[in-house]
Amino acid sequence: MWIDYCSRVEQEAKLTESDFIQLCGRIKKEDGQGIESIKCLQAVLREIHRRGMPRDTFVQGCNMLIHLFIQRRDLKSAKLVVDGMVRSNYKPNGVTVRTLIGGMMTIGCNLPDIHEFYDMLQKNRMWPEEPATYKLLISIFGSRGLIDSARIYFSTYLRKKLPLDESVFNMMMYAYKTAESPEGALAVYKQMLRRGAKPTPANYHLLITILKEANMIEEMNQVYADMRASGTQMNGSHLTAMGWNPKEAIKEMDKLEMPCSTRDFNSFIVYYTKKNQFADALDIFHVMQERDIQPDVFSYSIIMDALAKDHRQPVEAVFSLFEEMKSQGLHPDVPVYTTLMSACARSNDLDKAMGLLSEMEGYNLLPNTYTFNSILSLLSRRAMNGSDFKHAALLWNKMTELNIKPDTRSFNIYLSILSKSVRPLNDKPEGGLWKIDGTDAVQMSRPVKEMLHLYRSMRRTCKRDFLTYTVMINTLIDSGQLRQAMQVYNDAKVTRLRLPISVYNSMMKALEQSGQESQILNIWHDMKSVEVLPDNDSYTKAKNARSKRFLKNREAKVHENPKSTLFVKGSTTSQVVTDALKDLFSLKRANAAYFSKKNEIKPFEDETKIEFLSRKNDAAFLVVGTHSKKRPHNLTFVRMFDYQILDMFELGIEKGTFLSEIKGPKCSTGIKPLMIFNGERFDQDETYKSIKNYLLDLFNGEVTDFVNLAGLEYVMSWTAAPDNKILLRTYMVQLKKSGVKTPRVELEEMGPMLDMVVRRAEPSKPDLMKRALQMPKELKVMLYLWSSRMC
C-alpha cells in the first residue's frame, strides 16, 4: 500500500481524504515499534498539508502520529506535534486531547502539566469544547482526590453551556465519592435536576451507593423515591446498593412486579462472589435456572469462577458447568478459559491446562495476560523438573509472540519459576562474595542472567512490587551475586517499599561473610526508616557489625580519623573563660562539642572524670575552662590516647579580645587554619615544643591531598613571648587583585586575640607515647617496599 501511495504521489495522481485516512490507519495498525512508521506518517502529513486537504484530515493524521509517539513513551515528541498544530492553526479535536492526556497519565507526568496544557489551548482558543474532554479532566483530578481542581473544570463545563451529558455529572459525583464528600455528590444531583438533565440509572446507582456508605439513609430514600417517580428503569443493582441482599432484592422485585433479567441475576451472583459467599452465589444461579431465565456467558463465567475459588467444591463441578454452557450453544470466551485454568491449578493438572490453551486456538480466542498467569501459577506450584522449565519458557515466549504484555504478576511468577532452577551456592569463596575491586566473586549462571534481564525489562512495561524485589534479592544472594543483590536492594530502597524481614537478614548475613560491616549498619538503618520490626537475627548481625566497625575504627591507621574535641566548663568559670571556650569551639565546630553546663572537674588532680568524658564522647582532646583566685581565667588543654591522658598544658588568660568584639567577616565552619609559630622557644624548650605539637594536632582536622587557595581563610599566629607567655593572634586572609596571577594577600583581625601565660604542664608518659606513635602495618609494608627499591 505504501509503494502504491509513493507512486501516486510522484505522478501527482488524485488522492482523496479517504485514501489518506486509510493509509494513516494502516501505518498505525502495522506499526512495528520502529522509526519507519513515524517517518512514513510524517511524510503523509506533509503531503496532506501540501495538497491543502481539509483540516479534519490533517488533524486525524496528527492524532495517529501522537498515538505512535505515546506507544514509544515519547511524551516530548507527542507534545511537539500538538504545539505544531497550534502554531499552524490546526485546531485539535477531542481525540487529540484525550490521546495526549491519556499518554501523559500512562507515561507519567506532573498534574500541573495538564493544567498548563489546558491553559495553553484555551489561550489560543483551541480547546475542544465538548463534554467528553471535561469529563476526562474531572476523572483525572477527581480520582486522585483533588476535588478543588475537579470542581473548577466542572464549573467551567456548566458555565460554557455545553450540551448536558449525564456522564459528566456522574463523573463529578464519583469525584466527590473519592473525596469522601457525600454532600457534594448530592449537590451535583440537585444541580442536575435544576438544569433539566434527566438522571440515568447509572447516576441513581452511584448516588444511592454514596449515600448508603455515608449512612445518609433519609437522603438515600428520597433519591430512591425520585427514581421511582421519574419512571427510570430500575434493576436489582439499585436495591443491593441500598443494602438489600440479593435474595431479599428478588422478593422485593417480585412484589413491585419488576422482571428479573439475566443482568440482574449476574449482578446478584457477583455480589455474593465479592463477599466470598460462594454457596449463596450458587443458590442464586439455581434460582435463575428454576425461573427459566437463560444464563449468558457472563453468568456461567462468574459462577464457574466462584466454584473454582470455593475449595469445598470439587474441581469437576467447574468443568461440568463448562460442558453445560457449551450444550446451551454458548461460545466460551477468554475469561471462561482463564477460570478453567485456575481450576486446573487447584488440581495441579498441567496437561488439561495446556489442552485448554490449544482449545482456545480452535475457537480463535486470543489468550490474555490473566490466562497465561493462571498456567504459570500452576507451574510455579509444582516441584519443577526439566520439562516444567521448558513449558514455562514456551509459555513466556508464546506471550511475546502473541504481543501480550505481561503484568507485574506475570513477571513475579516467571521469576519465581526461574529462581527454582538456580542452584544455591553451598561453598562460599574465600574472602567472601565481594572482591576488593567491587565485583562479585562467583560467575553468574544462565538462569540468573535471564532473571536480571527480565527484572530490567520490567521498568519499561510495569511496576515492580515487594515480591519482585524479594525473589530477586534472595536468588542473587543464594547464587553468590552479592553486588547485583545490592543494586536491586537500592532500587527497592528508592521506592520506599517494606520488604520482608527475611530479605534484610539475608542481605546482612551475606555482607557479614564478605566483611562489609558498614553496609550492614546501613541496612539496619534502612529497616528503621521504613518501620520494619527487627528480629533476633537482625539484632545479632547489626550488633556484630557495629562492634567490628567500632574496633576497626580505633585501630592504628595510615590516615587517622578527624579527632573530636570537647570544650568543657569547670565548676567555676569567668566570662573571659566562657568567651574563650566559645571562640575556640567556633573554630573547631565541625569536629567538636561544647558543654555549656558546669562540671566538677580538676584535670591535674583527678584523671577519672577526664577519661570518662573522653570515652563517652569518643574525644581525643579536651579544653577545660576554670577560674579561681589562685589560677584566674584558666584553660587546660588535654590530649588523650586510648582514653588515657597523654599530656596536659595549663594556660592562663591575662588579656583577651574575642570574636564578638571584632567587627568584620569570619571564617567558614570546618576550615583548617594556617599555623604560624614565632619564637625560638617553640624549637628549643621541651614544654613549648610539646605545646606546639599539641596545637598542630588540635587544629589538624582531616588529611587532604590538595589545597584550594580560596580555602585558606584564616591564620593563627602563636608567639613565644618573654616571661613564659604565649600570644595568640587570629587573622582573616583577604585575597586582593594584584594585576598578576598571584593575588595580593592582606590580613584582617578576626579574633580571638589572647595573651596567655604558661602555668603547669604534664608531659607524656614514654610508654603511652610509644603506643600513640605506633605505625600501622600497611605503612610498614609500604616503607619496606620503598626502602628495598632504593637499595
For T369 and P406, the nearest pair of non-hydrogen atoms, with its separation, is CG2-CA, 4.2 Å
Under 4.0 Å between a Lys/Arg side-chain N and an Asp/Glu carboxylate O for R312 and D310? yes
Closest non-hydrogen contact found for P367 with L357 is CG-CD1, 3.8 Å
Say whether, by atom type as modelled, one donor and one acceptor occur between the side chain of N385 and the main chain of D388 under 3.5 angstrom. yes
Report yes or no: does R382 contribute a side-chain atom to a donor-acceptor pair with the main-chain N or O of L378 at less than 3.5 Å? no
Expected output: side-chain N397 to main-chain A393 donor-acceptor under 3.5 Å: yes
Return yes if some donor-acceptor pair links the side-chain N/O of T178 with the main-chain N/O of Y174 below 3.5 Å, else return no. yes
Would you say the side-chain atoms of S421 pair up with the backbone N or O of I417, donor to acceptor, closer than 3.5 Å? no
Any sub-3.5 Å donor-acceptor pair from R381's side-chain atoms to N348's backbone N or O? no
Are K28 and L41 side-chain neighbours, meaning at least one heavy-atom pair lies under 4.5 Å? no
What residue among T495, N412, T470 forms side-chain hydrogen bond (donor to acceptor under 3.5 Å, both in side chains) with D465? N412
Is there a donor-acceptor pair closer than 3.5 Å between any side-chain N or O of S301 and the backbone N or O of F298? no
Where I107 and I70 come nearest, the two heavy atoms and their spacing: CD1-O, 4.0 Å
Are L158 and R195 close enough, and set up right, to give a side chain to side chain contact (heavy atoms under 4.5 Å, CB included), and what steps lead you there? CA-CA 10 Å; L158 296 177; R195 291 181 175 265; 3.8 Å; yes
Would you say the ring centroid of F265 lies under 6.0 angstrom from that of F285? no
R464 charged N/C atom sitting above Y469 aromatic ring, 6.0 Å / 45°: no
Going by heavy atoms in the side chains, are T156 and R159 under 4.5 Å from each other? yes
Decide yes or no on side chain to side chain contact (heavy atoms under 4.5 Å, CB included) for I375 and H391, but give the supporting numbers first. CA-CA 10 Å; I375 307 180; H391 275 123; over 6 Å; no
Can you tell me how far the CG atom of L418 sits from the OG atom of S380, to the nearest 0.5 Å? 11.5 Å
Ion pair present between K212 and E219, side-chain N to carboxylate O less than 4.0 angstrom? no
State whether E323 and K326 are salt-bridged, where the test is any N-O pair (Lys NZ or Arg NE/NH1/NH2 against Asp/Glu carboxylate O) under 4.0 Å. yes
E166 versus M192: any side-chain heavy-atom pair under 4.5 Å? yes
Nearest heavy atoms of K177 and L206, plus distance in Å: CD-CD1, 3.9 Å
Does the pair D254/R291 count as a salt bridge with the N-to-O cut at 4.0 Å? yes
Is it true that K275 and D280 make a salt bridge, defined as a side-chain N closer than 4.0 Å to a carboxylate O? no
Take F322 and Y337 through the test ring-ring contact (aromatic ring centres under 6.0 Å, His included) and record every step on the way to the result. CA-CA 9 Å; F322 177 60; Y337 278 102; 5.8 Å; yes
Main-chain N/O of E324 paired with S327 side-chain donor or acceptor, under 3.5 Å: yes
Is there a donor-acceptor pair closer than 3.5 Å between any side-chain N or O of T232 and the backbone N or O of R228? no
Over 60° means perpendicular and under 30° means parallel, so tell me whether Y134 and Y157 are parallel, tilted or perpendicular. tilted
What closest approach, in Å, do L239 and A249 show between heavy atoms, and which atom pair accounts for it? CD1-O, 3.7 Å
Verify side chain to side chain contact (heavy atoms under 4.5 Å, CB included) between D165 and K135, making sure each step is shown before the conclusion. CA-CA 9 Å; D165 188 335; K135 177 184 173 182; 5.7 Å; no
Quick one: does D19's side chain have a donor or acceptor within less than 3.5 Å of a partner on T16's backbone? yes
Tell me whether the rings of Y153 and H115 are parallel (<30°), tilted (30 to 60°) or perpendicular (>60°). parallel
Smallest separation among heavy atoms of K463 and M458, with atom names: O-CE, 3.7 Å
Are K352 and F319 in a cation-pi setup, meaning NZ or CZ lies under 6.0 angstrom from the ring centre and within 45 degrees of the ring axis? yes
Using the side chain to side chain contact (heavy atoms under 4.5 Å, CB included) rule, take F278 and Y272 through it: C-alpha gap first, then chi angles, then the decisive distance, then the call. CA-CA 6 Å; F278 303 122; Y272 280 127; over 6 Å; no
